[in-house]
Every structure is written in structure tokens, then in C-alpha cells.
Amino acid sequence: MEKRNQTVIKLAQTALLAALCYVSFTYLQIKIPMPGGDATSIHIGNAFCVLAALLLGGLYGGLAGAIGMGIADIMDPIYITGAPKTFFLKLCIGLIVGLVAHRIARINESTDKKYVWKWSLIASIAGLGFNVIADPLAGYFYKMYILGQPQQMAEVLAKWSTAATFVNAVISTVLVCSMYNALRPVLLKSGLITGIGKKKMA
């Protein structure tokens, strides 16, 4: 019964963070028009994808980002064609962050604030660093081979996407580390983060 309740809570948390990903991307973005009716944007949606992975683990966090930002793409006439790419990449961000933070560093088993801050930063950089490389690269091949755009246009869009994704990654890394380390003590007291105290890590 307890395990079932934990699953329900985790699903509810995933839905909440998916909604935050959707809202932050849809309403808190600066859209930059591109040639051919395309666009890129400065946004903080990825920050909530990473936050979800730090709080819930890689799979649930990745799903929160993939679902939230995937729906945001579907609801936007400019981004709708890129929704499958978005779903895959955001899921990967969550899985990478979860791998580093929870499988390698096991931050939920540590009571050392400096250790948790350091590894939440490293995990964020790993996930968002992957996105800086993978998003423009995947976008280039997706636009050229799936959407049928000319190679030259796909190259231009990939270059602009790289710049925007890098800016997003820097902003999101600072934001998510601050949010996670501020929220963590509150969530520990409320019992929404488990595993603390099993193993203290220096």
C-alpha cells in the first residue's frame, strides 16, 4: 500500500513538473524568428526538466520534461513539427541528469550541502551540455531528412540553434541549481525526498 502511495505521489509530482515545463517554455520565452518561417527561442523550460530529474530521478524527470515541452511544441504552430525531436531530447536530458546525480553521486543519500550543490551543478552541466550538442545536431538532420529542408537552410538554423541553446543552458544551470538547493531542505522535512541518511557522503 505504501509503495502504491509513493508511486501515486511521484506521478503527481511528474505531472506538476511537466506543467511547469510547459508554462515556462510557452509563456516565459523570447522567440527569435528564423528564415523559412522557423524560430528558435531563449527560454527556461530546460531548467524545470533538470529540476524534475534532480527531484524525481532520471526517468520521471525526463518524462516530465518530454511531456511538458512536447505538448508545448504541439500547441505552437511554429514548433509543432519538432515535437518528436523535443520529446526525445528532453527525455535524454532527464536520464543523463538522473544518472549523474542519483546513480553516480547518490545525492539523495548525502547530508553534505556542499557535496549536493557540487553534484547538482555537475549533473545540470552534463544534461544541458548534452542538449547544447544534441539539439542543433538532431535538428539539422531532422529538418533536412525528415522535414525536407535544403541543406544550407538546415545549417543556418543549426548555427542559430546552437547559440540559443548555449544561452539557455547557462541560464538554466544557474537557475536550477539555485532552485534545487533552496527547495531540498523543505522537501526533506516534508518527506518528499527519500533516502537521506542512508549513507553520508563527504
Side-chain angles (χ1 to χ4, degrees), residues 1-25 28 43-69 87-135 165-202:
M1 188 67 178
E2 185 180 347
K3 187 176 180 181
R4 183 180 175 184
N5 288 340
Q6 288 177 351
T7 302
V8 171
I9 290 171
K10 210 157 195 179
L11 288 173
Q13 292 171 332
T14 302
L16 175 62
L17 284 157
L20 287 172
C21 288
Y22 171 83
V23 170
S24 61
F25 179 77
L28 301 176
H43 65 87
I44 58 171
N46 291 333
F48 289 97
C49 178
V50 174
L51 179 64
L54 290 172
L55 293 174
L56 307 176
L59 180 58
Y60 284 100
L63 285 173
I67 293 168
M69 296 182 71
F87 186 94
F88 174 74
L89 289 174
K90 304 318 171 190
L91 179 61
C92 287
I93 290 174
L95 292 173
I96 291 169
V97 172
L99 173 67
V100 175
H102 298 293
R103 297 288 183 180
I104 297 174
R106 298 188 182 279
I107 59 174
N108 276 6
E109 297 175 7
S110 177
T111 55
D112 187 330
K113 291 182 180 179
K114 290 182 179 179
Y115 179 88
V116 172
W117 179 273
K118 180 182 77 173
W119 279 99
S120 63
L121 177 62
I122 292 171
S124 300
I125 291 172
L128 294 170
F130 158 81
N131 194 55
V132 169
I133 297 168
D135 189 273
T165 305
F166 178 77
V167 172
N168 291 339
V170 173
I171 295 171
S172 294
T173 298
V174 174
L175 184 61
V176 74
C177 287
S178 301
M179 285 192 299
Y180 174 71
N181 286 281
L183 286 171
R184 191 172 188 265
V186 179
L187 296 175
L188 286 175
K189 288 181 181 179
S190 65
L192 293 175
I193 291 181
T194 57
I196 299 298
K198 289 181 181 178
K199 181 182 179 183
K200 184 173 181 178
M201 303 183 79

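Heads up: numbering here begins at 1 and tracks the sequence.
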Worksheet item: Which pairs pass salt bridge (Lys or Arg N to Asp or Glu O under 4.0 Å) with one or both residues in residues 119-131, sequence neighbours excluded?
Response: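 Checked against salt bridge (Lys or Arg N to Asp or Glu O under 4.0 Å) - neighbours excluded - no pair reaches residues 119-131.
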
When rounded to the nearest 0.5 angstrom, what distance separates [atom1] in [X] from [atom2] in [Y]?
X: Leu11; Y: Thr7; atom1: CG; atom2: OG1; result: 6.5 Å
X: Met69; Y: Leu91; atom1: CE; atom2: CG; result: 13.0 Å
X: Ile93; Y: Asn46; atom1: CD1; atom2: CG; result: 4.5 Å
X: Asp135; Y: Leu89; atom1: CG; atom2: CG; result: 5.5 Å
X: Leu55; Y: Tyr60; atom1: CG; atom2: OH; result: 14.5 Å

Fill in: Ile67 and Lys90: CA distance, side-chain angles, deciding distance, side-chain contact (heavy atoms from CB on, under 4.5 Å) verdict
CA-CA 9 Å; Ile67 293 168; Lys90 304 318 171 190; over 6 Å; no

Considering non-hydrogen atoms only, spot the tightest contact between [X] and [Y] and give its length.
X: Gly68; Y: Cys21; result: CA-CB, 4.2 Å
X: Cys49; Y: Gly94; result: SG-N, 4.3 Å
X: Ala47; Y: Ser172; result: N-OG, 3.6 Å
X: Tyr115; Y: Ser110; result: CD2-OG, 3.6 Å
X: Ala66; Y: Phe87; result: CB-O, 3.3 Å

Worksheet item: Ile125 and Thr173: side-chain contact (heavy atoms from CB on, under 4.5 Å), yes or no, with the steps?
Response: CA-CA 7 Å; Ile125 291 172; Thr173 298; 4.1 Å; yes

Worksheet item: Do Ile44 and Leu175 have side-chain heavy atoms sitting under 4.5 Å apart?
Response: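 The answer is yes; the side chains approach within 4.5 Å.
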
Discussion item. Side chains of Phe48 and Met179, heavy atoms from C-beta outward: is any pair under 4.5 Å?
Written reply: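 Yes - at least one pair of side-chain heavy atoms lies under 4.5 Å apart.
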
Residues forming a side-chain contact (heavy atoms from CB on, under 4.5 Å) with [X], sequence neighbours excluded:
X: Val170; answer: Phe166
X: Ile96; answer: Ala126, Phe130
X: Leu183; answer: Leu51, Leu187
X: His102; answer: Ile107, Asn108

Fill in: Verdict with supporting geometry, Trp117 and Ser178, side-chain contact (heavy atoms from CB on, under 4.5 Å)
CA-CA 9 Å; Trp117 179 273; Ser178 301; 4.3 Å; yes

Worksheet entry | Of Val116, Val176, Leu54, the residue whose pairing with Asn181 passes side chain to side chain contact (heavy atoms under 4.5 Å, CB included) |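 Option passing the side chain to side chain contact (heavy atoms under 4.5 Å, CB included) with Asn181: Val116.
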
Worksheet entry | ring pair (Phe, Tyr, Trp, His ring centres under 6.0 Å) involving Phe25 - partner list, sequence neighbours excluded |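 Expected list: His43, Tyr79.
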
Worksheet entry | Step-by-step side-chain contact (heavy atoms from CB on, under 4.5 Å) determination, Tyr180 to Val50 | CA-CA 9 Å; Tyr180 174 71; Val50 174; over 6 Å; no

Discussion item. Using only atom types and a distance under 3.5 Å, with no angle test, would you say the side chain of Lys10 pairs donor to acceptor with the backbone of Leu56?
Written reply: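 It does hold such a pair.
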
Fill in: Asn131 and Thr165: side chain donor to acceptor below 3.5 Å
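Result is no, nothing qualifies.
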
